[in-house]
Amino acid sequence: MSDSDGKKPLGLKGARPGNVKQSFSHGRTKNVVVETKRKRVVVPKPGGAKPSITGSPSVGDPSKRPAGISDAEMERRMKALQAAKEQEAADIERRAREEAEQQARRERRRAEAEAKADEERERENALKAKAEEEARKIREAEEAKARAAAPAAAPPAAAAPGEPAVAPSGPRGGGKAAPTPARRDRDDRDNKNAKNRNDDARRSGKLTLNQALRGGDGRHKSMAAMKRKQERARQKAMGGSVEREKIVRDVKLPEVIVVSELANRMAERVSDVVKALMTNGIMATQTQSIDADTAELIIEEFGHKVVRVSDSDVEDIITEVLDDEKDLQPRAPVITIMGHVDHGKTSLLDAIRNARVTAGEAGGITQHIGAYQVDQDGSLLTFLDTPGHAAFTSMRARGAQVTDIVVLVVAADDAVMPQTIEAIHHAKAAGVPMIVAINKVDKHDANPDKVRTDLLQHEVIVEKMSGDVQDVEVSATTGQGLDTLLEAIALQSEILELKANPDRAASGAVIEAQLDVGRGPVATVLVQNGTLRKGDIFVVGEQYGKVRALIDDQGNRIDEAGPSVPVEVLGLNGTPEAGDVLNVVETEAQAREIAEYREKAAKDKRAAAGAATTLEQLMAKAKDDESLTEMPILVKTDVQGSAEAIVQAMEKIGNDEVRVRVLHSGVGAITESDIGLAEASGAPVFGFNVRANASARNTANQKGVEIRYYSVIYDLVDDVKKAASGLLSAEIKETFIGYAAIKEVFKVTGVGKVAGCIVTEGVARRSAGVRLLRDNVVIHEGTLKTLKRFKDEVAEVQSGQECGMAFEAYDDIRADDVIEIFTREEVERNLE
Ligand code: GDP
């Protein structure tokens, strides 16, 4: 409206058509209006432009009409006339300008007034109501005062206001009612109520005011007001929800969380959270648990902040106490020997402690985690013997960094091999210094310098190549260079200045744990800080206990073990896992509480992980048909360390298309429940140095569950790798053709030990491969030297018959051992 109004004065002004057009073509603001006029004025007016003005009168007709007037007079008149004209023009112009300005101002004011109308009205009303209220309060207060002063006069005074409800509050508030902020708040509240109550009265007052301001625009105004009101209401409604979203909450997120609890912590509706999960491809009901990563995704989607809480409060008992520098005492370094298979790790460790460890190891791979201490010129060195590098990493992953120095064994007759490189990576990742032991230098084809140059490629520059990594040439067989190696270790350890405080509650890491038939759960613990004593109460991973006995690496019972000392700990309530951290606590209740909490948390995590993987699968399948497929497997092993190592290795296998998922891993014979789980998931079972018991074997046969036995980790890993990459088409398959139980063992001169057996299943075949099992664990694998039925050498012995068997180059056989007889054949097969 202001636009059209703004044009009006221009239209009126511009009597000349050109001007009108001009003014129209220019904008609508008053500035433009003024400019247009100036242009117009230029012709008749500006006093400075005298020549042009004098020119115009000479041309002007009026000078010629009156004849009797002198030129000078004429000129004066003309000037006067001109002046008058100018004056008039200026006046008109000024008036027009003023008028336009006024008009614009009026328009603006009107618009503003309109815009503010309701607010003003409300403010005025609020003020008025407030003023009234305050006045009333003061009045009441005065009345109350008056009442207090003259009690007799009170009743009539109280009756006058006619509000008995207010009366009690009056005396309390006294005369100071108005200034108190609390009071004011209450007053405001009262005002609001009052506003509603006195609506009519207020409106009438307001109407008068508005009428005075806006005249006849009432309808227009009220329409706008209505619109605004609606708009305000809408904004209020929308603004409310926007505000709610804007509240960014710190959502405490444990490892695992139930969907409804997640919704609760975000203060969002459960259905919304379920919906959000669904849009992310996760089907979860409100009672289901989801893992922290999934939950984090959802929390971020809702715009909240994630605060990860790793452990519950119960864990707070185990707080890392920082030791005072003066309490620290030197401790022995912990050394891990790493390197490629067959490069001589076991032999070297064996040579170092001058005892036989190698005997009985299958496949030449170190399968047990042990820890031993040796004395080097009065100072102790602790050696860890790990099965492959996986244990080293898995321990690190669990937060147990136990190794101080890595001895990298490289055979001088070989080269830097894949596992050598892996070991280098592990040591570097852990930030552990390395010492290179170039082994087998006694061999005629040994070439230590080749090893040194090979290592250069992997950024290991040994001292002989002017680097800073110590290198020692050794022979585990002849013992050459062993002293130098130990000196090098001692030197490296000195540089590291390893210290710990022996006078505090012990903490340590589990190196190995197993369930011992006679002694119950046993854990080899490397004490890292403090001193572990008999009778100490501790929590270790999900287990707890009280130290019943401590046994050192020599098999001696000891009363305490200080930092860097490896000990076997007896008195656990269950078998912990390698890498679990042991902490001594004060009471058994605390220990149990922490262990139970951890157990529950781990269970929840496993459940959540299971669900997540399934969903992952679904998602992957949805993505494309050649989707990620999972190869589920079950692993049973002889010791926990092997299980750990295998699981770690399995996790590494896989590419974009296939992934290995270890459904379950554990220690001990393969049982029926394992077969049940395998059957349900369509998974093969891998026995590492363990066998299925009779009922499990039967069930497996019935249900068609595949059991595969291994005694070398790398064979197992290789097979799974092949299967995973679809290469397991032609494979050597072992078939068990029979089992024989050893009844008695005889010593026969010239032959050695002979087992008197009974074939309990299938057949015993002379040409077949055999394994010796003790408690379903593989003790030996080889061939038969002899298979006799009575006095005769036979090719085959049937089930139920007795026979005599002797192993080729193996003597350690006992009564009750079981002999497994198998054949190997090449078959077309696919693990999946
Ligand atoms: P690991 O797999 O790394 O533990 O290797 P082992 O300790 O089992 O050794 C593998 C093979 O190498 C065994 O047959 C050892 O006898 C042999 N070996 C180890 N060290 C030496 C050595 O210094 N000299 C020679 N000649 N043979 C060695």
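In listed order, ligands and their atoms are each counted from 1. Hydrogens, waters and symmetry mates are skipped; everything else that's a heavy atom, side chains included, is used.
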Provide the number and element of each atom of ligand 1 under 4.0 Å from a heavy atom of [X].
X	result
His340	3 (O)
Asn439	19 (C), 20 (N), 21 (C), 22 (C), 23 (O)
Val341	2 (O)

With a 4.0 Å cut-off on N to O distance, would you call [X] and [Y] a salt bridge?
X	Y	result
Lys443	Asp413	yes
Arg814	Asp812	yes
Asp449	Lys464	yes

According to the interplanar angle, ranging from 0 to 90°, do the rings of Phe807 and His780 count as parallel (below 30°), tilted (30 to 60°) or perpendicular (above 60°)? perpendicular
List the steps, then state whether side chain to side chain contact (heavy atoms under 4.5 Å, CB included) holds for Asp817 with Ile779. CA-CA 9 Å; Asp817 282 357; Ile779 303 295; 5.6 Å; no
Would Leu348 count as being in polar contact with ligand 1, using the rule that some N or O on each side must be under 3.5 angstrom apart? no
Short N/O distance, under 3.5 Å, between Val474 and ligand 1? no
Hey, looking at atom 11 (C) of ligand 1, which of His343, Lys440, Met338 has the closest heavy atom? Lys440
Quick check against the 3.5 Å criterion: does Asp553 have a side-chain atom that pairs as donor or acceptor with the backbone of Gln373? yes
Side chain or backbone of Asp442 under 4.0 Å from ligand 1, or both, or neither, by non-hydrogen atoms? side chain
Any heavy atom of Gln480 closer to ligand 1 than 4.0 angstrom? no
